[in-house]
Asks: 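Take a look at the following structure, please.
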Number of protein chains: 2
Amino acid sequence: MSRGVAKIPVAPRPRPAEPAKSRGTAMRILAAAELLVQTRGFNGFSYADIAAQLQITTAALHYHFATKADLGEALIADYSQNFSKTLARLDADHTQPADKLVGYSDVYLEVLRAERMCLCGMLAAEYQTLPEPMQHAVVQFFDANETWLEQVLEQGQREGTLHLYGPARDIARMIIGGLEGAMMVARACGDVRRFQDAASRLIGGLTVARGG
Amino acid sequence: MSRGVAKIPVAPRPRPAEPAKSRGTAMRILAAAELLVQTRGFNGFSYADIAAQLQITTAALHYHFATKADLGEALIADYSQNFSKTLARLDADHTQPADKLVGYSDVYLEVLRAERMCLCGMLAAEYQTLPEPMQHAVVQFFDANETWLEQVLEQGQREGTLHLYGPARDIARMIIGGLEGAMMVARACGDVRRFQDAASRLIGGLTVARGG
DNA sequence: GTCTATAACGAGATAGAC
DNA sequence: GTCTATCTCGTTATAGAC
């Protein structure tokens, strides 16, 4: 980073500093739509909902995302990217696989506490009604999660800090499905504990020393 | 029950034998709608879809189920009733709690193999967009499942055939969420094994003698 | 109990002005 | 980039004939 001198206007760039308004609007749209999908599902909201919240017209929305399918693709891309960053941060913050797993589970817990579902969990339920590019991106999300979990689990097995009572891949699949499903049920029942109980069994059953 | 004599026509009843056609149509509507919810979700189909499949008009649908919300309520009632019967049959068919659990998991597996999701699992995802009576009925479904599982798990613990590494209620919650979520992910990934792997870890981890 | 016809509305999307 | 205006279509629902 440059030093603490006052910002000096740089020479005109090929791509001028992106018109703050435009790029900002696209991001605001994404944020609003993300919330809507995470709470109501992709089939549970319309451009009008976003427009109302952002105080713009639906025509403006179509300027940024020509079709709802395009918006959907952008949403998954954004969400997946953020999730990847989160996984990387978990790797950086924790050395113990058991801690990584708890951190992973806590990510879901925080989403639930924010009264949201996992974006891709919602889309998985609506899978058959989604345009093909969105379907594909949803599967990629789950694959990435499975791969990450598998590596964490195998690390714990190698180091003897996790007791895997089956193949790492199977347990990874159990954890993903378990957290996704428990979130859905917990929200419906209006009871966050329902998620926490399931999650602690899912993860705690793997730790060597304690019962979770 | 009366003995094996040929049925004798009883005196005219207040409610005459329900007009076969009518009742038959209502049932066909329920069956068609059930499939649609289990594959596309409650927000993923319209009366026109059912009408086309049953070769009747949407007006006829409204005769049997005045509003879509009414249809939705009837769907959950029907589904929950069938599920209860299934649980009762599992109790009747198996004495070993471990076998009941495998049977329970197999129910979900068969639904998935039929290329469907759990009706209430789908509705849980769409929860926030559902009319209140449907929301209430969905929660009841999960409560009933949790109660049944809890009893099975406690039975196994008493008899020493199941090893519960935590409170029965927590494990029941893990199993329900786990099966529901794994189903969703497995369908999206087009890979039934994904469900089977998760389910076998979910259930197999509890059996005392074998690893599942 | 099912039909035709239609009301009433909301959805996604586009054209063209500013 | 955002607007107004508009189009087209799908959706739930009703009225009234048969």
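As the structure is a computational prediction, the values presented were derived from the model and not from experiment. Below, all heavy atoms of this structure are taken into account, side chains as well, without hydrogens, waters or symmetry copies. In what follows, chains carry the letters A, B, and so on, assigned in the order in which the sequence lines appear, proteins first and then strands, with residues in each chain numbered from 1.
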Asks: Any base atoms under 4.0 Å from B:Phe65, or only sugar-phosphate, or nothing? Heavy atoms, all strands.
Replies: nothing
Asks: Atom CG of A:Leu61 to atom C1' of D:dT4: distance rounded to whole Å?
Replies: 15 Å
Asks: By nearest atom, which of the nucleotides D:dT11, C:dG12, D:dA5 is closest to the A:Ser46 side chain?
Replies: C:dG12
Asks: Among C:dT2, D:dT12, D:dC3, which nucleotide sits nearest the side chain of A:Ile56?
Replies: D:dC3
Asks: Can you figure out which of D:dA5, D:dT12, C:dA11 approaches the side chain of B:Tyr47 most closely?
Replies: D:dT12
Asks: Between D:dG1 and A:Tyr63, is there an OP1 or OP2 to side-chain N/O distance shorter than 4.0 Å?
Replies: yes
Asks: What is the distance from CG of A:Leu71 to P of C:dA13, rounded to the nearest Å?
Replies: 10 Å
Asks: Pick the closest DNA chain C nucleotide for A:Ala59 and for B:Ala60 by heavy atoms, then say which residue is nearer the 5' end.
Replies: B:Ala60
Asks: How are the rings of A:Tyr79 and A:Phe141 set relative to one another: parallel (under 30°), tilted (30 to 60°) or perpendicular (over 60°)?
Replies: tilted
Asks: What's B:Thr57 touching, base or sugar-phosphate or nothing? Going by heavy atoms closer than 4.0 Å.
Replies: base
Asks: Within the 4.5 Å heavy-atom criterion, are A:Arg116 and A:Arg187 side-chain neighbours or not?
Replies: no
Asks: Please report the distance, rounded to the nearest Å, between CD1 in B:Ile50 and C1' in D:dT12.
Replies: 12 Å
Asks: Heavy atoms from C-beta onward define the side chain here; which of D:dA13, D:dT2, C:dC3 lies closest to that of B:Thr67?
Replies: D:dA13
Asks: Rounded off to whole Å, could you give me the CE-to-P distance for the B:Met27 and C:dG1 pair?
Replies: 14 Å
Asks: Kindly point out which of D:dT12, C:dT2, D:dC3 is positioned nearest to the side chain of B:Thr25?
Replies: C:dT2
Asks: Take the angle between the ring planes of B:Tyr104 and B:Trp148 and call it parallel below 30°, perpendicular above 60°, tilted in between.
Replies: parallel
Asks: In whole angstroms, how far is the P atom of C:dA5 from the NE2 atom of B:His62?
Replies: 17 Å
Asks: Think B:Thr58 has a side-chain N or O under 4.0 angstrom from the OP1 or OP2 of D:dT12?
Replies: no
Asks: Of the nucleotides C:dA11, D:dC3, C:dT14, which has the atom closest to the A:Ala48 side chain?
Replies: C:dA11
Asks: C:dT2, OP1 or OP2 - any side-chain N/O from B:His64 closer than 4.0 Å?
Replies: yes
Asks: If you only use heavy atoms from C-beta on, which nucleotide in C:dA13, D:dT14, D:dT2 is closest to the side chain of A:Lys68?
Replies: C:dA13
Asks: What is the distance from CZ of A:Phe42 to C1' of C:dA11, rounded to the nearest Å?
Replies: 13 Å
Asks: If the test is side-chain hydrogen bond (donor to acceptor under 3.5 Å, both in side chains), which one of A:Arg169, A:Arg173, A:Gln151 qualifies with A:Glu146?
Replies: A:Arg173
Asks: Roughly, in whole Å, what's the span from CG in A:Asp70 to P in C:dG12?
Replies: 13 Å
Asks: Rounded to the nearest 0.5 Å, how far does CD1 of A:Ile176 lie from SG of B:Cys189?
Replies: 8.5 Å
